[in-house]
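Here the structure is a predicted model, which is why all the values come from computation and not from measurement. Chain letters run A, B, ... following the sequence lines, proteins first, then strands; residues in each count from 1.
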Number of protein chains: 2
Amino acid sequence: MSGIVFYIDPSDEVPVYRQLMDQIRLHVTTGELSPNDELPSTRALSTELGVNPMTVSKAYSLLERDGMVTRRPGRPHVIASTSTAQVAQDRDTLLRASLEPAARLARQLDMNPAEALALFEHMLANGDDKSPRRHTQDTER
Amino acid sequence: MSGIVFYIDPSDEVPVYRQLMDQIRLHVTTGELSPNDELPSTRALSTELGVNPMTVSKAYSLLERDGMVTRRPGRPHVIASTSTAQVAQDRDTLLRASLEPAARLARQLDMNPAEALALFEHMLANGDDKSPRRHTQDTER
DNA sequence: CTCGCTGTATTACCGAACTAATACACTAGG
DNA sequence: CCTAGTGTATTAGTTCGGTAATACAGCGAG
């Protein structure tokens, strides 16, 4: 059975269908979901989350496009047998994509690479705590 | 006089007012714009760029909120005398903000920090070229 | 004081993205 | 078959961010 639980925040700026995709991908990387595991039906999950089945369907469809899940007409989706490979490749691709804007910014600002790396290293280590010594002023957006 | 030239791309997904902000900030960091330098009038610049004066005004206003420029009623904006400090502080704040999602992702994926750092270092070094040795398959968005 | 410049508050418009409603197609079990 | 489950194509509705139009307010040289 799939006792997977999803948490979504409708008020988040990240659209629901993407929150879902992210969580499913994450569950695969952590091994909570394995190849051939069934995903919740669109209706069941949509009810649980309080959204429309199409929203769930959209997430599933996009994941299928990425080769992460497999579609079976009339039957629930399952985690693709190739998902593991997908994830491995994704880890790199995803991180690179995520890092790209930062790298561009750093270069644009002509920052010292060592300094930038040090900052990133620090953030990797203790991600939750606020910062080393810096007043963070912003009520940004 | 201010022979500063701005290049914007209306078809870019980044909104015009933000493109403007970025370029002004950048010009300050590179020294092309110094404290007390006058910025182009909203009308002049808007005409040159083919956009509405309000769009330019929006960029200026947001930069003022950040303490990057100073507003003078009835007169053009000028680069704030504190802009240099702003930039220094910004460099750190901006990079941190930009790096934050990547750090979270890396931790979420339980990636090896060293690996992540290596990737970032590589990206900092040669930002333009494609990649070190990795099949990049994606027609993403 | 007036003209020509500056900026912008307010309002309206537009388009794209996200979500929802509806109706239809497939599958398996009884 | 028939039913109760599955997914989804199509269409419509809503929201929100960005941009534009308009009209108004401050400054300074003449």
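The distance from atom CE of Met54(B) to atom C1' of dC13(C) is 15 Å, rounded to the nearest whole Å. Between Arg72(A) atom CZ and dT8(D) atom P there is a gap of 12 Å when expressed in whole angstrom units. For the pair Arg75(A) CZ and dT8(D) C1', the computed distance is 17 Å after rounding to whole Å. In this structure, Glu13(A) atom CD and dT19(C) atom P are separated by 13 Å, rounded to whole Å. Summarising the geometry, the separation between CD1 on Ile8(A) and C1' on dC18(C) is reported as 13 Å, rounded to the nearest angstrom. At whole-Å resolution of the value, CZ in Arg43(A) and C1' in dT8(D) are 9 Å apart. Per the geometry, CZ belonging to Arg18(B) stands 14 Å off C1' belonging to dT19(D), to the nearest Å. The distance from atom CG of Leu45(A) to atom P of dT19(C) is 13 Å, rounded to the nearest whole Å.
The minimum heavy-atom distance linking Ser98(A) with Leu105(B) is given by the pair CB-CD2, 4.0 Å. In plain terms, the two heavy atoms of Glu48(B) and Phe6(B) that are nearest each other are OE2-N, 4.4 Å.
Salt bridge annotation for Arg96(B)-Glu100(B): absent, with no cationic side-chain nitrogen under 4.0 angstrom from a carboxylate oxygen.
Heavy-atom nearest nucleotides on DNA chain D were determined for Pro73(B) and for Ser57(A), and the one closer to the 5' end corresponds to Ser57(A).
Backbone-only engagement by Arg71(A) is indicated by non-hydrogen atom pairs under 4.0 Å involving sugar-phosphate atoms exclusively. Within the nucleic acid shown, Thr42(B) comes within 4.0 Å of at least one base atom, counting heavy atoms only.
The side chain of Thr55(A) contributes an N or O atom lying less than 4.0 Å from OP1 or OP2 of dA20(C).
Taking every side-chain heavy atom of Tyr17(B) into account, dG18(D) is the closest of dT8(C), dG18(D), dT6(D). Nearest to the side-chain atoms of Ser41(B) among the listed nucleotides dT19(C), dG7(C), dT22(D) stands dG7(C). Looking at the side chain of Pro76(B), the nearest of the listed nucleotides dG7(D), dT6(C), dA20(D) is dT6(C). Distance from the side chain of Lys58(A) is smallest for dC18(C) among the nucleotides dA21(D), dC18(C), dG7(C).
A donor-acceptor pair under 3.5 Å links the side-chain atoms of Gln19(B) to the main chain of Val14(B), judged by distance alone. With hydrogens and angles ignored, the 3.5 Å screen pairs no side-chain donor or acceptor of Ser57(B) with any backbone N or O of Met54(B).
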